[in-house]
Asker: 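Please see the structure below; I have some questions.
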Amino acid sequence: MTNKLSGQGFVVSSPSWGSRRHNWRFAVLIAALLLGIAGDVRALQRPEAPELVLHNGKIVTVDDSFQVVEAVAVSGGRVTAVGRNQDIMPLISPTTRVIDLQGRTVLPGLIDTHIHPQQYASYHFMPDVAPEVSHPQLIEGETVEELLMGIRTRIQRDLGAQEDMPWLVYVLRRGRAELTSVEFGEQVTRTRLDGLSPDRPLIVFPQGYPAVVNSAGLEALRKIVPLQALEAELDASGEPTGRLGYRARAMINHLVPGARSAQVGVRSGNWERRTALPWDTRIEGLARAFKLELEEWVAAGITTWQSKMTHESYAAFALLDRRGEMPNRLAAALDPIMAQDETASQLIASLTQNSTISPYMWMVGVNGSAGGTTISGACTTIPLRPRFQKMHYGNSCSLQPGSRRWGVWYNLVSRGFRIGEFHAHGDLTIDYLLLLIEQASVEAGMTIEQIREKRHAIDHCPLGPRPDQMVRAVRLGVVWTCGPKYIVEAPYMPYDPEQVAKLLVPVRSMIAAGLRPGFHTDGHTGIKFYFKYLEILQTRKDLSGRVWNADEAIDRKDALRMATRWNAEYLLAEDKLGSIEPGKWADMVVIDRDYLTIPVEAIGQIQVMMTIVGGKIAYQRPEIAAALTFQ
């Protein structure tokens with residue numbers, strides 16, 4: 001009989017029954033000899049000494065009873081025991097590493113079920129450690145002024161390197177709380193851009209906003225097409241502000257050299273530039289940058305994360321995994337649409353046959369998206385505000401039955417794939433997706449029990465699900481991960497605020513309906529805002545202090561369950577992750593405050609002191625060595 005331990009990289013084999021009788025007689029003889037030598041059989045019955053013990057703390061297990069214990073023992077990367085100090089301390093041996101927490105709080109390793117570190121690395125680390133695979137047109141800043149300074153710096157570099165560039169084109173990543181680029185679009189006009197580039201046409205694409213162009217660019221464009229075709233915004237005197245409309249994006253991409261490739265580069269990690277390099281060269285470069293990015297996330301307490309994954313990015317993370325250099329764990333949702341060269345089909349085939357790769361990497365399904373964004377135009381029943389109707393925002397309903405996207409995902413679901421991460425912005429998109437899951441599954445001959453076992457996953461919850469959709473999701477076994485960042489973004493949504501509030505991240509209603517929603521940050525700001533977002537789930541306040549539907553506020557225990565235990569369920573890993581219990585991976589976070597007792601308004605100020613992944617210290621603040629007692 002062979003017992004395979006999933007994801008452990010080894011197989012334990014037991015002897016057949018025919019040999020056990022012989023082995024039993026031999027074992028009795030050996031036991032008798034050992035008794036004669038040692039004189040005390042109790043030493044043989046003592047459990048294996050732990051490799052690590054944390055004691056004298058407030059360890060929040062997030063188990064079924066949500067108990068809080070004083071100590072935890074770890075061996076082989078897994079929790080072996082939890083309990084009182086007097087229960088755990090006798091287990092230690094001279095080889096056990098012992099950490100006296102001195103009353104500090106320990107949480108299960110934090111999980112983020114929707115982030116994209118591979119994208120963030122493209123502008124944080126690639127320009128320095130892997131310039132050959134970096135995105136040269138991408139800029140990020142924490143404030144509007146920082147973004148303007150970043151554009152100025154890039155212009156000086158680009159004009160010096162290539163004086164004949166017909167257009168200067170840049171894409172702005174969202175910064176503080178995912179809103180800085182939107183604020184840029186709201187505040188910056190062509191006159192501000194003229195100060196950066198008075199003569200050369202300049203166009204900027206702030207994420208979450210259409211486009212802003214300088215005077216030279218506006219003049220170049222209107223020589224070809226009228227301002228009306230560009231949906232150019234006019235000020236009170238009838239002069240163009242430099243802001244262009246969303247529906248003009250396709251025309252701009254055609255008319256402005258480099259516009260389309262710059263925007264596609266953001267989504268694909270500068271695909272066109274990289275594919276000119278040999279495969280091994282670009283994978284090595286990506287891996288260098290990815291590792292640095294993940295080290296920042298593990299320092300924020302994130303021990304497991306999920307993201308959509310091109311075959312190229314997956315290969316870079318797999319390289320880190322083979323080297324034993326993954327700082328935290330990756331649950332990957334493969335993006336089949338992004339697979340663009342001959343290696344893709346082979347990779348997809350191998351991954352779908354073996355979803356468990358290692359304790360640090362595994363597959364959770366295939367990724368998808370529909371419904372635009374809640375800032376640029378979602379697929380929703382909520383009407384637009386009048387101002388945004390004039391700017392031609394609108395419903396981005398790309399998953400309607402019979403559409404190309406519908407056909408792609410209908411085919412995947414009917415073939416038995418699990419939807420592992422589906423961006424769904426708006427309640428209409430949720431209607432279409434639930435319909436697709438049910439129809440495609442039934443056509444494939446699945447019973448309702450088999451459909452539930454898939455646990456198809458939907459992400460974000462910015463505008464939905466509605467109560468009727470919650471009931472349907474429970475029946476189909478659909479799971480969710482929700483982003484509190486949409487409460488922060490609510491004032492910027494182009495929809496009727498009163499109706500937005502009713503459908504905005506409705507987690508309390510979801511829990512009451514029988515769903516167990518997970519939690520995600522979906523942005524590089526998750527490094528700084530993870531605990532702030534947990535606070536927002538409880539206060540329902542945006543950054544200005546406005547409360548959005550207080551009836552959907554949850555308590556701190558459920559917020560922590562979303563970030564740990566329920567996130568593990570979403571990732572199909574509840575037997576390995578999400579709580580501090582014997583048998584689960586020893587992923588834990590030491591924090592500087594008591595999450596369970598501090599005022600709710602102080603939760604966002606919590607700092608991570610130490611992160612433990614698989615029983616090994618993956619991060620510790622410099623002052624932690626002095627603050628804690630190590631043995």
Side-chain angles (χ1 to χ4, degrees), residues 122-123 126-127 131 134-175 180-266 270 272-273 376 391-392:
S122 69
Y123 50 92
M126 285 183 196
S134 67
H135 191 303
Q137 295 163 289
L138 195 58
I139 299 172
E140 185 189 47
E142 291 297 307
T143 66
V144 171
E145 293 304 317
E146 282 186 20
L147 288 172
L148 288 166
M149 182 61 68
I151 295 171
R152 183 186 299 276
T153 301
R154 292 293 179 91
I155 288 175
Q156 292 172 349
R157 181 203 66 185
D158 291 341
L159 290 181
Q162 192 173 349
E163 296 183 358
D164 61 344
M165 292 176 67
W167 277 79
L168 298 167
V169 182
Y170 303 104
V171 177
L172 307 184
R173 286 288 302 187
R174 296 175 178 180
T180 307
S181 67
V182 180
E183 292 170 348
F184 184 99
E186 293 279 353
Q187 298 175 21
V188 174
T189 63
R190 63 185 173 89
T191 55
R192 295 289 300 272
L193 296 184
D194 289 348
L196 303 178
S197 178
D199 304 316
R200 190 68 58 89
L202 165 64
I203 190 166
V204 177
F205 296 98
Q207 288 198 311
Y209 205 87
V212 186
V213 65
N214 70 345
S215 296
L218 196 64
E219 187 62 29
L221 286 171
R222 70 170 149 188
K223 287 180 180 178
I224 309 171
V225 294
L227 290 180
Q228 270 189 322
L230 297 171
E231 298 183 327
E233 182 185 71
L234 304 178
D235 62 20
S237 63
E239 289 296 313
T241 64
R243 301 185 184 110
L244 308 180
Y246 270 110
R247 292 187 182 176
R249 182 73 65 87
M251 186 180 298
I252 295 167
N253 288 344
H254 178 71
L255 297 175
V256 176
R260 183 180 182 280
S261 62
Q263 296 171 79
V264 171
V266 172
N270 199 24
E272 293 176 358
R273 188 164 181 254
S376 62
M391 294 182 69
H392 297 291

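Treat the numbers as computed from the prediction; the structure is a model and nothing was measured.
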Asker: What I'd like to find out is whether the side chain of Thr180 reaches to under 4.5 Å of the side chain of Leu172, using heavy atoms alone.
Answerer: no

Asker: Heavy atoms only: give me the nearest Val256-Val169 pair and the separation to one decimal.
Answerer: CG1-CG2, 3.9 Å

Asker: Between CG of Leu168 and CZ of Arg154, what distance do you get to the nearest 0.5 Å?
Answerer: 12.0 Å

Asker: With a 4.5 Å limit on heavy-atom distance, are the side chains of Asn214 and Val204 in contact?
Answerer: no

Asker: Going by heavy atoms in the side chains, are Phe184 and Ile139 under 4.5 Å from each other?
Answerer: no

Asker: Please assess Trp167 against Leu255 for the test side chain to side chain contact (heavy atoms under 4.5 Å, CB included), listing each intermediate value before the final yes or no.
Answerer: CA-CA 10 Å; Trp167 277 79; Leu255 297 175; over 6 Å; no

Asker: Are the side chain of Arg243 and the backbone N or O of Pro210 linked by a donor-acceptor pair below 3.5 Å?
Answerer: no

Asker: In Å, rounded to the nearest 0.5 Å, how long is the span from CG of Leu234 to CD of Gln228?
Answerer: 9.0 Å

Asker: If the condition is side-chain contact (heavy atoms from CB on, under 4.5 Å), which residues does Ser215 pass it with, not counting sequence neighbours?
Answerer: Arg190, Asp194

Asker: Please find the pair of heavy atoms, one from Gly185 and one from Val212, that lie closest to each other, and give the distance.
Answerer: CA-CG2, 4.3 Å

Asker: How close do Pro240 and Leu227 get, counting heavy atoms only, and between which atoms?
Answerer: CG-CD1, 4.3 Å

Asker: Looking at side-chain heavy atoms only, is the closest gap between Gln207 and Val171 below 4.5 Å?
Answerer: yes

Asker: To the nearest 0.5 Å, what is the distance between CG (Leu202) and CG (Leu196)?
Answerer: 7.0 Å

Asker: Quick check for you: to the nearest 0.5 Å, what is the distance between His254 atom NE2 and Ile224 atom CD1?
Answerer: 8.5 Å

Asker: Would you call Glu231 and Arg249 a salt bridge, using N to O less than 4.0 angstrom?
Answerer: no

Asker: Search all heavy atoms of Pro206 against all heavy atoms of Ala211 and return the closest pair with its distance.
Answerer: CD-CA, 4.2 Å

Asker: Starting at CE of Met251, measure out to CG of Asn253 and round the result to the nearest 0.5 Å.
Answerer: 11.0 Å

Asker: Taking the side chain as every heavy atom from C-beta outward, state whether Thr189 and Asp235 have any pair of such atoms under 4.5 Å apart.
Answerer: no

Asker: Between Ile203 and Leu193, is any pair of side-chain heavy atoms under 4.5 Å apart?
Answerer: no

Asker: Answer whether the closest heavy-atom distance between the side chains of Ile155 and Tyr170 falls below 4.5 Å.
Answerer: yes

